[in-house]
Asks: 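Quick one: the structure is below, questions incoming.
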Amino acid sequence: MSDFVMTIAGEAVPTEETFGVRNPATGEVFAEAPECTRQQLDAAFDAAAKAARDWKADEAARRASLLRAADVLMASTADLAPVLTAEQGKPLSDAGVEVFASAIWCQYFANLDMPVQIIQDDDTAHVELARRPLGVVAAITPWNFPLTLAFWKIAPALLAGNTLVLKPSPYTPLTTLKVGELLKDVFPPGVVNIVSGGDDLGAWMTTHPVPRKISFTGSVETGKKVALSAAPDLKRVTLELGGNDPAIVLDDADPAAVATAIFAGAFNNNGQVCSAIKRVYVPEALYDDVVEGLAAHARAIKVGEGTDEGVKLGPINNEPQYERVKELVADALSHGATAVTGGHAMDRPGYFFEPTILTGLSDGTRIVDEEQFGPALPVVPYRDLGDAIDRANATHFGLSGSVWGADTDRAAEVAAQLECGTAWVNTHLALSPQQPFGGFKWSGIGVENGPWGLAEFSEFQVVHRSKAADGLNVNTAMLLS
Ligand code: NAD
């Protein structure tokens, strides 16, 4: 038995089977999470389907519930943040920010307008364009921001009038399960169901006949599997997938200032952010100064257990990811790269890796071409700006990118040439609930956030009221003549 329970049909649901959740700061299992059975998943989807009819009928109640959810989250920060730090590894203050951001997302969507557009209103017809909910949503989240990314789905899906079954990553199920319990009485039974289990549970969800929509955040590899399993049933999908964000420094940039901001954009959440800076292109003339600025930050930053005072970077979240970062850095070093700082796993329990700045490498090296998703940053020199832009775009990824320079108009012109969903100028990771976020190419399909993200949890419906006595409006009559 586990201290953590699933939430299905408004009930706290334990399971016979459980799986261990590790604290990445120690590598030890510290809690057990419920292993959802197929029958329990059926019950969750059944509850969501039953709850959908009443839920979609009362927009005011939906908005009020989302605001209450925000209050509950804010009031529970002191309880939730330590659980998040224990399972994810991030510093306690960052865990608190994640809970806060989840509440902000609820508030934003609770207040977001859902206007019906009038397309035509004349003597022949009154035509409206409305959005209708899809029904039940299957939501699947990764381990880097388990809570915030859950609310990127929960808040808009619910406002649009859907109900939902959500599954967190098996590496970080606990905070989400706790939130399911906390919100049990905020939403009517069956509106929000939280289940937990391994990757198989995700696959069962995407092939289940009840959900009409899959909202998935995770890796490209799994995203492709999700797309395949959605196809036979033509389920709607939103896929928020991996990235390999380039930062291009222009020749008029201030190296020290840029190094500070780029370090923050690359090492936030210990590099485990889909849209973190994952490779930096720097003009040869500024190269040494930018590298030294980045290295100074990497040397100074405090790495440790998320509960320790002053810690800014925690461990990598899980063993496979830790092994992957070690492998990519070792591969770079074996191909002639230099670790100006770091380069190795830390000699202590848990999945700690030294903040690493890599030089002496270029495109064609795995850590430049692939998503490292950890605390290691390759810095690549360039001579010709057009060539740097081409190299930045020469990838299957297209999540986001940034351009850095004193002449912001010129930087914006370069940013516009990046093939990605968000192109920042002199900043990175500037995300907000009103800004649509999504990827070009393999980084995803569709967007989350803002009215555009809300729209993805609905279908268009045209409501056409004819004013013609014979039921034929002018356009139809023309077609028939
Ligand atoms: P992952 O793809 O391994 O797992 C994500 C989720 O999918 C987990 O809940 C997992 O259990 C589930 N899953 C695994 N196999 C499945 C299957 N066959 N069918 C359905 N669900 C399945 O990703 P991860 O390692 O948890 O997360 C890291 C990745 O997520 C990185 O690539 C990162 O860039 C990406 N990410 C993207 C965004 C974004 O918004 N674009 C945000 C955060 C993370």
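Positions are given from 1 along the sequence. We count ligands from 1, going down the list as the structure has it; atoms in each ligand are counted the same way.
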Asks: Flag yes if more than 12 heavy atoms outside Phe19 fall under 6.0 Å of its CZ atom; otherwise flag no.
Replies: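 Result for CZ/Phe19: enclosed.
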
Asks: Using a 4.0 Å heavy-atom threshold (strictly under), name the region of Asp199 that reaches ligand 1: side chain, backbone, both or neither.
Replies: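 Under 4.0 Å from ligand 1, Asp199 contributes backbone and side-chain atoms.
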
Asks: Less than 4.0 Å is my threshold; does some heavy atom of Phe437 fall inside it relative to ligand 1?
Replies: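 A heavy atom of Phe437 does come that close to ligand 1.
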
Asks: Are any of the N/O atoms on Phe373, whether in the backbone or the side chain, positioned under 3.5 angstrom from an N/O atom of ligand 1?
Replies: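 N/O-N/O distance below 3.5 Å does not exist for this pair.
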
Asks: Does a salt bridge link Glu327 with Arg366, judged by any charged N lying under 4.0 Å from a carboxylate O?
Replies: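 Counted as a salt bridge, because a side-chain N and a carboxylate O are separated by less than 4.0 Å.
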
Asks: For Ser402 and Trp404, does a side-chain donor sit closer than 3.5 Å to a side-chain acceptor?
Replies: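 Short answer, yes.
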
Asks: Checking Thr163 against Lys50: is there a side-chain donor and acceptor pair closer than 3.5 Å?
Replies: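 The answer is no; no qualifying pair exists.
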
Asks: Just going by heavy-atom distances, which of Gly202, Gly242, Gly218 is nearest to atom 21 (N) of ligand 1?
Replies: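 Nearest option to atom 21 (N) of ligand 1, by heavy atoms: Gly202.
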
Asks: Using a strict threshold of under 4.0 Å (side-chain N to carboxylate O), is an ion pair present between Asp363 and Arg391?
Replies: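 Salt bridge between Arg391 and Asp363, a charged N being under 4.0 Å from a carboxylate O: yes.
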
Asks: Please state which protein non-hydrogen atom is closest to atom 12 (C) of ligand 1 and give its distance, to 0.1 Å?
Replies: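 Here the nearest protein heavy atom works out to Ile140 CG2, 3.7 Å.
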
Asks: Against ligand 1, does Tyr171 come closer than 4.0 Å with any heavy atom?
Replies: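 Checking ligand 1 against Tyr171, which is what was asked, there is no heavy-atom contact under 4.0 Å.
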
Asks: If you measure from each heavy atom of Pro170 to ligand 1, is any distance below 4.0 Å?
Replies: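 It does, in that a heavy atom of Pro170 comes within the 4.0 Å cut-off of ligand 1.
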
Asks: Starting from atom 13 (N) of ligand 1, locate the nearest protein heavy atom and write down its residue, its atom name and how far away it is, to 0.1 Å.
Replies: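 So the nearest neighbour among protein heavy atoms is Thr222 CG2, 3.6 Å.
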
Asks: Tell me which donor-acceptor pairs under 3.5 Å the side chains of residues 164-175 have, and how far apart each pair is, sequence neighbours excluded?
Replies:
unit_1, atom_1, unit_2, atom_2, d
Ser169, OG, Tyr171, N, 3.1
Thr175, OG1, Leu84, N, 3.4
Thr175, OG1, Glu87, OE2, 2.4

Asks: Return the residue, atom name and 0.1 Å-rounded distance of the protein heavy atom closest to atom 36 (N) of ligand 1.
Replies: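 Here the nearest protein heavy atom works out to Cys274 CB, 3.4 Å.
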
Asks: Using distance alone, decide if ligand 1 has a nitrogen or oxygen within less than 3.5 Å of any nitrogen or oxygen in Glu371.
Replies: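 So ligand 1 has an N or O lying under 3.5 Å from an N or O of Glu371.
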
Asks: Quick one: does Pro168 get within less than 4.0 Å of ligand 1, heavy atoms only?
Replies: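 Distance cut 4.0 Å: Pro168 passes for ligand 1.
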
